[in-house]
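The block underneath contains the structure these notes are about, expressed in structure tokens.
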Amino acid sequence: HELSLYNSALTWTTIKAQMYLGKGNTTPSLIGYWRLDEGHGNISEDRARSRNMRLASSSSWYMENENISLALDNTKYASIPMGNLSMNNLDSYLVEMWALVDKDSKSGKLISLDDGKVLDIVLDNGNLDLVADSITYPTNTAINDSQWHHVALNVMKGSGGKAASLLVDGVAVISNLESSKVPALAGAQLHLGMDMKGAIDEVRLWKSTNTQDAIVNRMYYRMDGSKT
């Protein structure tokens, strides 16, 4: 974890001072920096010189951490107050999370804006559907298999047309949807996990333009609130 390579010797004082600090391409004498925090695939990104490390296999990762998620029991759910976000119809946004849906959950709402049909991601017989302004866009993609799945709704406003997509595990199950057909992320409450049994984790809201590649590249990263 956190492998660093320098082209000069460092004093013990400098080593201790930098031991817990993040590094980058402006760190003096640093010629290689692999955080090894991807958690998937067989490539680790070099944050210093873009000389990426190739691992022996995609199963080389060792994750020693305690993961805590929000349990859902069909009666309880989470809500995010949206009033302080100041979103409008011109703002691009991304809603993403990890979701584990129990095999017995055939219906429910993964996300619901103000508990209406304004903007919902719902389960219909286990399949994900996007509901926007009371219009349903089916995916025929089931996630009620008691396994973790990454779900992301990416809406790019003002981009000249078809720029809304729904991704499951990094794959677009809805794409080329005109962003004008998807409402703004504006309302009183964003509800998560309504009428579902399972768990959700790593819920993130972004007020920014995101590409599919960017979503895939960071979906295994843990965020600390400093990312923009």
To the nearest 0.5 Å, what is the distance between CD (Glu202) and CD (Glu96)?
8.5 Å

Report the distance from atom CG of Leu21 to atom OG1 of Thr27, rounding to the nearest 0.5 Å.
9.0 Å

Over all atoms of both residues, closest heavy-atom pair of Trp148 and Asp169:
O-OD1, 4.4 Å

Heavy-atom donor-acceptor pair, Ser179 side chain to Ala164 backbone, under 3.5 Å:
no

Same hydrophobic cluster for Leu3 and Tyr20, using side-chain heavy-atom links shorter than 4.5 Å among ILVMFWY?
no

Cluster link Leu113 to Leu177, ILVMFWY, side chain under 4.5 Å
yes

Please report the C-alpha distance between Glu2 and Leu36 in whole Å, then the side-chain angles of each, then the deciding distance to 0.1 Å, and finally whether the side chain to side chain contact (heavy atoms under 4.5 Å, CB included) criterion is met.
CA-CA 6 Å; Glu2 294 273 348; Leu36 296 167; over 6 Å; no

State whether the side chain of Asn88 and the backbone N or O of Leu90 hold a donor-acceptor pair below 3.5 Å, judged by distance alone.
yes

Is it possible for you to say whether Val151 and Val173 belong to one hydrophobic cluster, with membership spreading through side-chain heavy-atom contacts below 4.5 Å?
yes

Apart from Ile15 itself, which Ile, Leu, Val, Met, Phe, Trp or Tyr residues share its cluster (side-chain heavy atoms under 4.5 Å, direct or through members)?
Tyr6, Leu10, Trp12, Leu30, Tyr33

What residues form a ring pair (Phe, Tyr, Trp, His ring centres under 6.0 Å) with His149, not counting sequence neighbours?
none

Could you work out, with side chain to side chain contact (heavy atoms under 4.5 Å, CB included) as the rule, every residue matching Leu5, not counting sequence neighbours?
Ile31, Trp34

Anything under 3.5 Å between a donor and an acceptor, one on a side chain of residues 181-200, the other on a protein residue two or more places apart or in another chain? List them.
residue, atom, partner, partner atom, Å
His191, ND1, Ser79, OG, 2.7

Listed partners of Asp102 passing side-chain hydrogen bond (donor to acceptor under 3.5 Å, both in side chains), at least two apart:
none

Residues in side-chain hydrogen bond (donor to acceptor under 3.5 Å, both in side chains) with Gln212, at least two apart?
none

Calculate, to the nearest 0.5 Å, the distance between atoms CD1 and CG belonging to Ile174 and Leu167 respectively.
10.0 Å

Are Leu205 and Val118 connected in the hydrophobic side-chain network, where two residues link if heavy atoms are under 4.5 Å apart?
yes

Between Leu123 and Lys106, is there a side-chain heavy-atom distance shorter than 4.5 Å?
no

Trace of the side-chain hydrogen bond (donor to acceptor under 3.5 Å, both in side chains) decision for Ser165 with Ser175:
CA-CA 4 Å; Ser165 58; Ser175 60; over 6 Å; no

Which heavy atom of Lys103 sits nearest to which heavy atom of Asp145, and what is that distance?
CE-O, 3.7 Å

What are the two closest heavy atoms between Ile121 and Leu166, and how far apart are they?
CD1-CD1, 3.7 Å

For a quick check under 3.5 Å, do Thr75 and Asp73 share a side-chain donor-acceptor pair by atom type?
yes

According to a 4.5 Å side-chain heavy-atom criterion applied to Ile, Leu, Val, Met, Phe, Trp and Tyr, with indirect links allowed, do Val122 and Val168 form part of one hydrophobic cluster?
no

Would you find more than 12 non-hydrogen atoms of other residues, nucleotides or ligands less than 6.0 Å from Lys207 atom NZ?
yes

Exam field: side chain Ser112 to backbone Lys109, donor-acceptor pair closer than 3.5 Å:
no

Under 3.5 Å, which donor-acceptor pairs do the side chains of residues 136-143 form with other protein atoms, sequence neighbours left out?
residue, atom, partner, partner atom, Å
Thr139, OG1, Leu128, O, 2.5
Thr139, OG1, Thr141, N, 3.0
Thr141, OG1, Thr139, O, 3.3

Ser134: side chain to side chain contact (heavy atoms under 4.5 Å, CB included) partners, not counting sequence neighbours
Lys117

Does Leu55 offer a backbone N or O that forms a donor-acceptor pair with the side chain of Asn42 under 3.5 Å?
no

Less than 4.5 Å apart, any side-chain heavy atom of Leu85 and any of Ile80?
no

What residues form a side chain to side chain contact (heavy atoms under 4.5 Å, CB included) with Asp124, not counting sequence neighbours?
Asp129

Please report the closest heavy-atom contact between Asn210 and Met156, naming both atoms and the distance.
O-SD, 3.5 Å

Per side chain to side chain contact (heavy atoms under 4.5 Å, CB included), Leu153 is matched among Leu110, Leu94, Leu130 by Leu130

Partners of Lys23 by salt bridge (charged side-chain N to carboxylate O under 4.0 Å, His left out), sequence neighbours excluded?
none

Test side chain to side chain contact (heavy atoms under 4.5 Å, CB included) applied to Thr11 - qualifying residues, sequence neighbours left out:
Thr13, Thr14

Can Arg204 and Met97 be said to form a side chain to side chain contact (heavy atoms under 4.5 Å, CB included), step by step?
CA-CA 6 Å; Arg204 306 169 188 170; Met97 70 177 70; over 6 Å; no

Starting at OG of Ser4, measure out to CZ of Arg35 and round the result to the nearest 0.5 Å.
11.0 Å

Checking the side chain of Asp46 only, and the main-chain atoms of Arg51 only, is there a donor and an acceptor separated by less than 3.5 Å?
yes

May I ask you to test the Asp91-Lys157 pair for a side-chain heavy-atom distance under 4.5 Å?
no

Taking only residues two or more places apart in sequence, or in another chain, which ones meet Trp98 in a ring pair (Phe, Tyr, Trp, His ring centres under 6.0 Å)?
His150, Tyr220

